[in-house]
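See structure below.
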There are 2 protein chains.
Amino acid sequence: MDTARRVLVSARSPDTRVTPFEGIADWLAERLRAGRFDVARIPFEELRGWSFHPGTGNLHHASGRFFSVEGLHVRTDRMPERGWTQPIIVQPEVGLLGIVAREIDGVLHFLMQAKMEPGNVNILQVSPTVQATRSNFTGVHQGRDIRFLDLFLEPGRVRVLVDSIQSEQADWFLAKRNRNMIVELAPDDDIATGEDFRWLTLGQIRRLLLRDNVVNMDARSILACLPTADADSTDDSAGASPVHRSFFGSPTHARHTMAEVLTWFTGVRALRELVQNRVPLDSVTADGWYRTRHEIAHESGRHFRVIAAEVTASSREVASWTQPLIEPQVPGLMALLVKPIDGVLHALVQARVDVGHLNVAELAPTVQCRPAEHTRPDGAPYPPYLGQVLSAPVDSFRYDAVQSEEGGRFYHAQNRYAIVEVSPGFPEDVPDDFAWLTLAQLTTLLAHGNYLNIELRTLVACALTLP
Amino acid sequence: MDTARRVLVSARSPDTRVTPFEGIADWLAERLRAGRFDVARIPFEELRGWSFHPGTGNLHHASGRFFSVEGLHVRTDRMPERGWTQPIIVQPEVGLLGIVAREIDGVLHFLMQAKMEPGNVNILQVSPTVQATRSNFTGVHQGRDIRFLDLFLEPGRVRVLVDSIQSEQADWFLAKRNRNMIVELAPDDDIATGEDFRWLTLGQIRRLLLRDNVVNMDARSILACLPTADADSTDDSAGASPVHRSFFGSPTHARHTMAEVLTWFTGVRALRELVQNRVPLDSVTADGWYRTRHEIAHESGRHFRVIAAEVTASSREVASWTQPLIEPQVPGLMALLVKPIDGVLHALVQARVDVGHLNVAELAPTVQCRPAEHTRPDGAPYPPYLGQVLSAPVDSFRYDAVQSEEGGRFYHAQNRYAIVEVSPGFPEDVPDDFAWLTLAQLTTLLAHGNYLNIELRTLVACALTLP
């Protein structure tokens, strides 16, 4: 197909006439200098518009919009009978994460934004064209209009390349989802951008993904959903037309057929149990959580903290605001074991049940944990395959970088993302909750929502960097 | 493929050597005589094990299992700001609805059960091999073991033909889902069945679907998920191999590509709003609901009633029990407008937002309503296309029968299901929430959960009867 051929050029020749790769760092540094963005931690009582509800202790905004921090009681088949209670972010609305694409001189380019977020360790990261909450659409925050939002909401002017509703962190969010979109302008349809935006090729973005904390979570999530070309398939059921060919292989040369994959995953969803009940935030104290003027945290020092921050910005819809943020206690490790099976690269994924899931289980990286909680003397038992990753030879890491979770909600939430190629003799028989899938099978599933969790989607995006 | 050819035989020659079609009615009548099954309405205080929680008014079982009747507060973008409160059944577990299939003399047969349910108007209907709640698996009701359940839970002995988790009535259930499965025994693998079971062909079941209230809801839901053959496709992404060829057509000869269908539906899910909050059942009185000793109902006489019943049975795991049931006030009309577009039959479906949905919207019949609530003098405005269906010429009804909703939860819940072929000139431009899809596209989506609601799945099963 023309589409696939077109972008092969991009994948092989990252430099374009629009922004040389070497100029991207300068652009980001320049934008960082141009925007003022101060983040200060404040006590909860200095939050404006936010307060703890007297009856429940829930932390919410006076408008009833944005999000709230509430309590969640969860019971699963692998927990003690009485379950577990924790704080959780409740935000039932579906936001929009969108990238505008456009062919320039025969190469597909993506309009990326240098965007500041209060939780980013480095303030500014390469972000999608648009990140909008439903509150943004409906104007609750009374900010300026979101640029380019109309291209995603008004069909006709663009061609849709990616459009699916995907989940976010299930440790911290209750069933949060965002719509992930890529829309393509006609080649002769120009739009005015400005200094916060640059047209980058997929090849350039792949190189940026090799660096720590440059490509933000929302951009990674969207790019993971790019359909991959499959030379054998006339498949029309998986969503949009393929946009890039890759080493991801054909879904038809996989260890398991898609029917086998779906019945395995359906079995996990049906037989594992996840019963969620929203409860007052005040009630989480029963499970060791406490609240001070500055934080809600767990007495074990594990899990995460809820904090409050004041943000002053020059480049956002609202110049100054306060908000709660979630701060993890220790970094996580998200690792994907991969190996060729019959000549096609396969990834070992787990069907994982997490507290905030909309639909019981989602596919996750081979290892998704916070290693410090396991490696210390009084730590929890190792999850499967953590030992393999921690002891893997350096040259088996085919990808290894630190990436940030979304800086609009999470404060300094950094995780190590790794793709580790195991030896040919590594067992293909795996525990019931695990399965070997090709990367093409993973992207096929991404035409639908709630199959791949956000951590696995980041790793699918990172896998774009593999030769 | 052999599989597809094999079942063509079944579809075209309904009679088999196992049970002649004429014998099915005798079998059902005989089973009805053989089993004693009495259903008596009782006041709530005579429920055993069930009680109204003193603090909330929620109706629940002492074991904490089965299901509960609670309150639900819902807000959508098309409701008044303060939303709407109603009773709702909460049953977060995923049950199993399964049919065992087996090739007999080259024709695929399905093991159907003559099963009694308290809510059935005619007590006994043709049901799947297995209907099991998670409570059944885990033995909370302390009944006898469920026959054939092991064939669905222990992989290896069977081939999986259908396996997906599908939703149930979103008016009455909060995000209820059941796993829908068909598993096929090897031809030489025999199982002992018994008088409650018969091996029926798809052709026989199709003929039964032409009659009122014979094939139960769970059987219809499972059969709707049968993959359809598509001569052009090498599609491996949609789930199991095709089991029957039909007039459903190829997804590739449709008015819209699947990518277009998915982006349309994703847009509805993202842009419509559905915010659900569980509230005490006592609080639904604020919206006109009242509770007496015998029922919870709405003062308008609309919607549904919660009642209690005592059931005495000779053929069930437990010989006598009491339980709450939901009784609709008036029957519903579920109608699908169809017409050929470029030679392929298309169905007009709506993306509908209902109070109990797991994920905002699901695809529904063209018309899904209770006509009596609209046709009476003080009735609500007509929903789109209700007028067309009510005034359609008799000879445009290609399917028209009364079918029951699930008799284990719903008391005398009968709906008219109709497939109406509109004239060639009927407009193909439709409101934003509606779209023309081929039936093959609908079955492709049924490889995944929460795309088609239970009412539309019944109509897909009924469409199997079309020539």
Side-chain angles (χ1 to χ4, degrees), chain A residues 77 92-96 134 137-138 152-153 155 160-165 175 177-181 227 232-241 250-252 254 257-260 262-267 269-278 358-360 441 444-445 447-451, chain B residues 75 77 92-96 134 137-138 152-153 155 160-165 175 177-181 227 232-241 250-252 254 257-260 262-264 266-267 269-278 358-360 441 444-445 447-451:
Chain A
D77 52 311
E93 63 178 36
V94 176
L96 175 73
R134 194 182 166 86
F137 307 164
T138 53
F152 298 89
L153 300 182
V160 175
L161 303 184
V162 163
D163 192 1
S164 60
I165 298 178
R177 289 151 291 157
N178 278 318
R179 184 180 189 184
N180 284 233
M181 293 186 80
D232 302 338
S233 174
T234 59
D235 175 12
D236 182 53
S237 73
S241 307
S250 157
T252 53
T257 65
M258 281 306 285
E260 289 168 351
L262 289 177
T263 195
W264 161 72
F265 184 60
T266 299
R269 275 194 167 157
L271 299 175
R272 299 288 312 274
E273 191 171 35
L274 175 68
V275 181
Q276 299 150 315
N277 282 296
R278 283 160 66 182
L358 176 71
N359 198 351
V360 187
Q441 289 181 318
T444 298
L445 291 172
H448 309 279
N450 293 105
Y451 278 115
Chain B
R75 188 166 50 78
D77 51 312
E93 64 178 35
V94 176
L96 175 72
R134 193 181 166 87
F137 307 165
T138 52
F152 298 90
L153 299 183
V160 176
L161 303 183
V162 164
D163 192 0
S164 58
I165 298 178
R177 287 151 293 157
N178 278 319
R179 185 181 188 183
N180 284 233
M181 293 186 81
D232 302 338
S233 175
T234 59
D235 175 12
D236 180 53
S237 72
S241 308
S250 157
T252 52
T257 65
M258 283 304 285
E260 288 167 351
L262 289 177
T263 195
W264 161 72
T266 298
R269 276 194 166 157
L271 299 176
R272 299 288 310 275
E273 191 172 34
L274 175 66
V275 181
Q276 300 149 316
N277 283 295
R278 285 160 65 183
L358 176 70
N359 197 353
V360 187
Q441 289 181 318
T444 298
L445 290 172
H448 309 278
N450 293 105
Y451 278 116

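The sequence lines fix the lettering, A, B, ..., with proteins before strands; numbering per chain opens at 1. Hydrogens, waters and symmetry mates are skipped; everything else that's a heavy atom, side chains included, is used.
Both the backbone and the side chain of R269(B) come within less than 4.5 Å of a heavy atom in chain A. Contact of N359(A) with chain B is made through backbone and side chain together, with heavy-atom distances under 4.5 Å. For R177(B), the part lying under 4.5 angstrom from a heavy atom of chain A is the side chain only. In this structure, the portions of L271(A) lying under 4.5 Å from any heavy atom of chain B include both its backbone and its side chain. Residue S164(B) touches chain A through its backbone alone, counting heavy-atom pairs closer than 4.5 Å. Contact of Y451(B) with chain A is made through the side chain alone, with heavy-atom distances under 4.5 Å. For D77(A), the part lying near chain B is the side chain, with the backbone staying farther off; criterion is any non-hydrogen pair under 4.5 Å.
Heavy-atom pairs under 4.5 Å with chain B were tallied for L358(A), L445(A), V94(A); the largest tally goes to L358(A). Counting heavy-atom pairs closer than 4.5 Å to chain A, the top-ranked of the candidates N178(B), L96(B), N277(B), V360(B) is N277(B). Ranked by heavy-atom pairs under 4.5 Å with chain B, the first of G449(A), G267(A), P92(A) is G267(A). The candidate with the highest count of non-hydrogen atom pairs below 4.5 Å against chain A, out of M181(B), E273(B), R272(B), is E273(B). Counting heavy-atom pairs closer than 4.5 Å to chain A, the top residue among N450(B), I165(B), L153(B), L274(B) is I165(B).
Rounding to the nearest 0.5 Å gives a distance of 8.5 Å between CG of L262(A) and CG of D163(B).
Taking both residues in full, the closest heavy atoms of A270(B) and R179(A) are given as CB-CD, 3.5 Å, listed atom of the first, atom of the second, then distance.
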